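Just so we're clear, the structure is a prediction, and the values are computed from it rather than from any experiment. Heavy-atom basis, side chains included; hydrogens, waters and symmetry copies ignored.
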Amino acid sequence: MADTVMRPIAAADVSAAVAGGALGAPTGGVTEVAGPEEITMEDLVRARLALDGDPREVVAGRENPYFGTVVEPGALLPGAGATIATTLYEDWLAARPAR
């Protein structure tokens, strides 16, 4: 998998941001939203597999593509001024049923 950092965001936080954007005043631009913590894709997948009791090894590499493209460091992080949600990935995982 790609060796990159991201800020995962819970669907409930995304829907709240979309509703706020739809009901709020026009921004005249793009509004970015992101989760509250930076996490590597490797750690994100590893945590989900652990929750499921799945012993598979997770291996990441800079040369591995993400949706067909090699990702530059920081490319999946929001820019300055992004709206930062509050749901931590750990809390989201805890609320999800194991498979």
Judged by atom type as modelled, is there a donor-acceptor pair below 3.5 Å linking the side chain of Asp52 to the main-chain atoms of Asp54?
-> no

Check whether any side-chain N or O of Tyr66 sits under 3.5 Å from a backbone N or O of Met1 as a donor-acceptor pair, and report yes or no.
-> no

OG1 of Thr4 to CZ of Arg62: how many Å apart, nearest 0.5 Å?
-> 6.5 Å

Residue pair Tyr89 / Ile39: nearest heavy atoms and the distance that separates them | CD2-CD1, 4.0 Å

Find the distance between CG (Leu51) and CZ (Arg48) and round it off to the nearest 0.5 Å.
-> 5.5 Å

Give the minimum heavy-atom separation between Pro78 and Ala82, together with the two atoms involved.
-> CB-CB, 3.5 Å

Tightest non-hydrogen contact, residues Ala85 and Pro36, listed as O-CB, 3.2 Å

Side chain to side chain contact (heavy atoms under 4.5 Å, CB included) with Met6: of Met41, Glu38, Glu37, only one passes, and it is Met41

Leu49/Val58 under side-chain contact (heavy atoms from CB on, under 4.5 Å): CA gap, chis, key distance, verdict | CA-CA 9 Å; Leu49 290 176; Val58 179; 3.6 Å; yes

Gap between atom CG of Asp13 and atom OG1 of Thr87 - 0.5 Å precision = 3.5 Å

Using atom types as modelled and distance alone, determine if a side-chain donor or acceptor of Glu32 lies under 3.5 Å from a backbone N or O of Gly79.
-> yes

On a heavy-atom basis, the closest approach of Ala2 and Ala60 is O-CB, 3.9 Å

So do the side chains of Pro73 and Val5 get within less than 4.5 Å of each other, counting heavy atoms only?
-> no

Working to the nearest 0.5 Å, report the span between CG of Leu88 and CG of Leu93.
-> 10.5 Å

Consider only side-chain heavy atoms of I, L, V, M, F, W and Y, link residues closer than 4.5 Å, and tell whether Leu44 and Trp92 are in one cluster.
-> yes

Roughly how far, to the nearest 0.5 Å, is the OG1 atom of Thr69 from the CD atom of Glu72?
-> 10.5 Å

Could you point out which residue of Leu76, Val33, Leu77 forms a side chain to side chain contact (heavy atoms under 4.5 Å, CB included) with Arg7?
-> Leu77

